[in-house]
There are 2 protein chains.
Amino acid sequence: MTIKQLRAFVAVAQTLSFAQAGERLYMSQPALSLSIKALEDGLGGRLFSRTTRTVNLTPEGHALFPLARRLVAEWDNVEDNLRQHFTLRRGRVSIAAMPSFAGNRLPSMLMHFRERYPAIGITVHDVINEQVVEMVRNRQVELGITFEPASDLSMKFKLLYLDRFVAVVPRDSPLIECTKVCWEDLQTYPFITLQRPSAVRVMLEESLSIGGQKLNVAMESHQLATIGRMVGSGLGVSVVPSLCIQQMHELGAHCIPLANPVIERPIGMLTKADHELSVAAQALADILEQLSV
Amino acid sequence: MTIKQLRAFVAVAQTLSFAQAGERLYMSQPALSLSIKALEDGLGGRLFSRTTRTVNLTPEGHALFPLARRLVAEWDNVEDNLRQHFTLRRGRVSIAAMPSFAGNRLPSMLMHFRERYPAIGITVHDVINEQVVEMVRNRQVELGITFEPASDLSMKFKLLYLDRFVAVVPRDSPLIECTKVCWEDLQTYPFITLQRPSAVRVMLEESLSIGGQKLNVAMESHQLATIGRMVGSGLGVSVVPSLCIQQMHELGAHCIPLANPVIERPIGMLTKADHELSVAAQALADILEQLSV
DNA sequence: CACACTTACGATATTCGTAAGGATT
DNA sequence: AATCCTTACGAATATCGTAAGTGTG
């Protein structure tokens with residue numbers, strides 16, 4: 001029994017005519033006749049009782065008809081569904097991104113993606129850097145956007161760009177005139193930064209300790225938006241990835257390049273090394289990469 | 001997409017090895033490789049991510065796997081089920097038979113059928129002659145057993161044998177010595193027979209009226225068993241199809257050939273002319289015919 | 001006699017197995 | 001070096017369309 005034979009059976013059963021069914025199936029009537037004969041032989045009995053003049057279902061054919069119709073319909077569904085996934089007319093892609101990225105660059109990138117593939121659903125997990133790595137590892141998401149993690153053979157990291165940290169100061173700060181600032185310039189102001197599990201905080205401390213410097217934290221938050229608004233209100237200064245520059249401006253703070261130490265971190269896409277991306281995820285990855293050049 | 005390809009896909013997805021799957025499918029590994037390739041090309045994307053050393057499902061392949069398994073399973077079910085019907089290892093046949101037949105000859109015939117085809121279910125409708133014809137006409141049953149009905153092009157009648165009516169008398173009747181009796185012999189006793197819608201009653205009246213004779217009914221019943229017991233108790237005499245001889249004996253009555261008038265009626269199988277029998281019904285018809293020779 | 005299904009037959013396509021090639025552990 | 005998948009190619013098989021055959025209304 002082949003799918004072709006089953007389609008032929010359904011067509012003949014519906015039209016009760018080999019000639020008409022042949023037309024519908026785009027095949028000659030003798031070929032159709034042979035096909036039905038092969039089906040009957042394969043099953044071990046007749047499905048149609050036919051004189052040269054009239055065609056009718058046998059009781060067994062009658063029993064097969066609804067089953068055959070269902071099988072063919074399900075078959076077509078599965079096939080069509082899969083084809084739509086491959087042609088990006090259906091699907092869903094889950095990604096995780098650290099908040100600084102998810103809240104700044106990502107939305108406009110997703111706009112591009114959605115414009116191009118409006119039928120693909122997107123699930124974004126806005127979680128801290130470490131959780132991004134975990135979610136990729138656990139395959140909760142296909143794609144993660146993070147700072148480059150410690151090298152791990154089970155993960156693949158694709159650089160999108162280098163992010164250089166910048167200082168954030170109030171609009172009325174004297175530092176506002178500088179084209180760049182050093183850590184010493186900032187130390188005279190209360191320092192506001194993210195709470196501990198945050199990668200930004202950790203990377204900041206690491207970079208400073210290399211230069212023998214120390215972080216004196218006056219205030220902490222775990223929301224970038226809060227930090228921005230605190231700095232904007234004149235409560236103190238901060239250092240954030242350049243990703244956040246626009247957000248900081250919108251929150252009323254001002255950003256200045258940080259010259260010493262230069263804190264530069266690769267940001268990119270993280271995937272499981274041993275698992276291929278879905279076509280949808282690959283399409284998203286392609287767009288993210290393309291928009292990061 | 002063909003059923004063969006889908007089976008190949010399932011096998012490879014389960015073993016994650018073209019070599020092993022090839023063995024299971026009884027085909028060479030290169031042929032399997034080509035088959036999967038053809039499937040992937042047809043669907044428009046990869047289902048397996050494979051290096052020369054390891055095979056893995058792509059996300060799309062992963063999505064297809066349960067669907068493919070279900071499709072293949074349903075396919076096999078339908079195919080197997082139909083094959084079993086054709087080989088008489090599954091099925092049901094519905095027949096209708098007039099009470100005189102259903103209660104006498106039929107049971108032993110069904111025993112033969114059941115012995116030969118124990119998996120075929122049988123539904124017997126024990127109804128009066130006219131209803132048998134109706135049930136065949138309405139396709140409530142595939143097969144009917146009746147006296148030959150008025151010829152009707154939409155029905156097919158296959159003679160099983162001729163039934164000759166016999167007289168039924170009490171064991172202590174003086175008639176018991178006769179090798180045959182005439183209507184006149186019976187008329188001296190109270191006559192017991194079936195009620196009006198019954199074909200036996202109608203045919204009896206018809207036959208008598210041809211010879212200018214008349215039926216004086218002393219008692220009526222609509223059960224043959226009741227008649228038998230009434231006659232057996234000495235309440236009167238009756239005339240029944242020879243079908244019922246054994247039953248009458250068991251009920252304590254005695255049967256004697258009826259010589260004048262001779263009432264002879266063809267009994268046979270009735271089917272719809274334009275509808276083929278199921279293999280199960282045909283098998284039953286064959287056995288009924290064979291046992292009637 | 002015309003129509004509709006079946007059979008016959010030659011051509012085309014598809015499928016398969018063997019052999020050779022390439023990549024990974 | 002061994003193993004496993006892919007590509008190449010020739011052979012076997014299957015499928016299809018045209019043409020001829022057959023039975024029915």
Side-chain angles (χ1 to χ4, degrees), chain A residues 1-58 60-61 72 79 153-154 156 272-276, chain B residues 1-43 45-58 60-61 72 79 152-154 156 272-276:
Chain A
M1 201 162 87
T2 70
I3 184 68
K4 226 176 208 172
Q5 288 171 343
L6 214 60
R7 286 187 203 282
F9 168 77
V10 170
V12 175
Q14 284 175 335
T15 60
L16 293 181
S17 152
F18 280 64
Q20 278 179 255
E23 279 182 32
R24 188 200 289 189
L25 298 165
Y26 302 106
M27 70 194 312
S28 73
Q29 186 234 39
L32 177 56
S33 185
L34 274 268
S35 187
I36 295 292
K37 184 175 160 52
L39 177 60
E40 289 178 326
D41 289 350
L43 291 172
R46 310 234 98 185
L47 298 169
F48 296 106
S49 70
R50 38 205 194 272
T51 67
T52 56
R53 214 51 186 179
T54 117
V55 176
N56 247 305
L57 284 163
T58 61
E60 288 78 17
V72 170
E79 197 169 343
L153 284 176
S154 77
K156 224 163 42 183
K272 281 219 95 177
D274 50 353
H275 282 283
E276 219 164 82
Chain B
M1 199 162 88
T2 71
I3 185 67
K4 227 176 209 171
Q5 288 172 343
L6 215 60
R7 285 187 204 282
F9 167 77
V10 170
V12 175
Q14 285 175 335
T15 60
L16 293 182
S17 152
F18 280 63
Q20 278 179 256
E23 279 182 34
R24 187 200 291 187
L25 298 165
Y26 302 106
M27 70 193 312
S28 73
Q29 185 232 42
L32 178 56
S33 185
L34 274 267
S35 187
I36 295 291
K37 186 175 158 54
L39 177 60
E40 289 178 326
D41 289 350
L43 291 172
R46 310 235 99 185
L47 297 170
F48 296 105
S49 70
R50 38 206 195 273
T51 67
T52 56
R53 214 55 187 175
T54 121
V55 176
N56 248 305
L57 284 163
T58 61
E60 290 76 18
V72 170
E79 198 169 342
D152 176 344
L153 284 177
S154 78
K156 225 164 38 184
K272 282 220 93 178
D274 50 352
H275 282 284
E276 219 165 81

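Convention: sequence-line order gives letters A, B, ...; per-chain numbering from 1. All values below come from the heavy atoms of this structure, side chains included, with hydrogens, waters and symmetry mates left out.
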Inset, instruction - Whole angstrom is fine here: how far is it from CD in E23(A) over to P in dG17(D)? - result: 13 Å

Inset, instruction - Step through the shown structure and confirm whether more than 12 heavy atoms of other residues, nucleotides or ligands are within 6.0 Å of NZ on K37(B). - result: no

Inset, instruction - Using atom CD1 of I3(A) as one end and atom P of dT15(D) as the other, report the distance to the nearest whole Å. - result: 14 Å

Inset, instruction - Let me know the distance between CD1 of I36(A) and C1' of dT7(C), rounded to the nearest Å. - result: 16 Å

Inset, instruction - Sugar-phosphate atoms are those with a prime plus P, OP1 and OP2; base atoms are the rest. Using that split, label each nucleotide of nucleotides 9-19 of chain C B, S or - for protein heavy atoms under 4.0 Å, 5' to 3'. - result: -------SBBB

Legend entry - Side chains of D274(B) and N56(A) in contact at under 4.5 Å (non-hydrogen atoms): no

Inset, instruction - Measure from the side-chain heavy atoms of K37(A) and tell me the nearest of dT7(C), dC5(C), dT24(C). - result: dT7(C)

Legend entry - Side-chain heavy-atom pair E40(A), T58(A) within 4.5 angstrom cut-off: no

Legend entry - Protein-nucleotide distance (N56(B), atom CG; dC5(D), atom P), rounded to Å: 12 Å

Inset, instruction - Answer with base, sugar-phosphate or nothing: what part of the nucleic acid does S17(A) contact at a heavy-atom distance below 4.0 Å? - result: sugar-phosphate

Inset, instruction - Taking atom NZ of K4(A) as the centre, report whether more than 12 heavy atoms of other residues, nucleotides or ligands fall under 6.0 Å from it. - result: no

Inset, instruction - Check whether any side-chain heavy atom of M1(A) lies under 4.5 Å from a side-chain heavy atom of I3(B), and answer yes or no. - result: no

Inset, instruction - For L47(B) and dC5(D), give me the distance from atom CG to atom P, rounded to whole Å. - result: 16 Å

Inset, instruction - Please state how far atom CZ in F18(A) lies from atom C1' in dC16(D), giving the value in whole angstrom units. - result: 16 Å

Legend entry - Rounded distance (Å) that lies between atom P of dA14(D) and atom CG of L39(A): 16 Å

Legend entry - L16(B) CG to dC5(D) P, straight-line distance once rounded to whole Å: 10 Å

Inset, instruction - Indicate yes or no: at least one non-hydrogen side-chain atom of V12(A) is less than 4.5 angstrom from one of V55(A). - result: yes

Inset, instruction - Specify whether F18(B) and F48(B) have parallel, tilted or perpendicular ring planes, treating 30° as the upper limit for parallel and 60° as the lower limit for perpendicular. - result: perpendicular

Inset, instruction - Return no unless some side-chain N or O of R53(B) is found under 4.0 Å from OP1 or OP2 of dC5(D). - result: no

Inset, instruction - May I ask you to verify if any side-chain N or O of S33(A) is less than 4.0 angstrom from the OP1 or OP2 atom of dC5(C)? - result: no

Legend entry - Side chain of V55(A) (C-beta onward), nearest among dT7(D), dC5(C), dG22(C): dC5(C)

